[in-house]
*Asks:* 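Have a look at this one.
All values below were derived from every heavy atom in this structure, side-chain atoms included, with hydrogens, water molecules and symmetry-related copies excluded. The model shown is predicted, which means the values in this text are computed figures rather than measured ones.
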Amino acid sequence: MHVRPDDQVFCLPLLSTGRIKSPKMLDEHISRAFEALSRHLGYRVSAHRVRHTSATVMLERSGNIKAVSDMLGHADIKLTASTYVHPRLGSLRRVQQSLSGYKHD
């Protein structure tokens, strides 16, 4: 499977051997695509996990929780902050090191 940087996020032909006959992309198409991707990779991948990971990466790169919240369609940034953003250990270390007076042992 070759994926180019400009491919769509849910480029179903990359994940399916058959043609999708529906004029619209349905939830079941995405579910089947993630099942196929999971089989291909040998571990479970879900749209839900991709959403969480994407939110974390967008926040780390932009530092703008309001923009990330808007992109996720949340009415309140509290939901984004408490549910969808999972800081990685490296990010937590950078914040800790940026604090004045921090001494690394």
*Asks:* At their closest point, which heavy atom of V50 faces which heavy atom of F34, and how far apart are they?
*Replies:*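 Between these two residues, the closest heavy atoms are CG2-CE2, 3.7 Å.
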*Asks:* Shortest non-hydrogen contact from V68 to A55?
*Replies:*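 The answer is CG1-O, 3.9 Å.
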*Asks:* When rounded to the nearest 0.5 angstrom, what is the spacing between CE in M58 and CD1 in I65?
*Replies:*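 Those atoms lie 11.0 Å apart.
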*Asks:* Quick check for you: to the nearest 0.5 Å, what is the distance between T56 atom OG1 and R61 atom CZ?
*Replies:*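 Between atom OG1 of T56 and atom CZ of R61 there are 12.0 Å.
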*Asks:* When the side chains of residues 71-79 are checked against the rest of the protein, which donor-acceptor pairs come out under 3.5 Å, sequence neighbours left out?
*Replies:*
residue	atom	partner	partner atom	Å
H74	ND1	T80	OG1	2.6
H74	NE2	R51	NH2	3.3
D76	OD1	K78	N	2.9

*Asks:* Shortest non-hydrogen contact from R44 to S46?
*Replies:*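 In this case the closest contact between R44 and S46 is NH1-CB, 3.7 Å.
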*Asks:* Any chance you could measure S31, atom OG, to E28, atom CD, to the nearest 0.5 Å?
*Replies:*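 That separation rounds to 8.0 Å.
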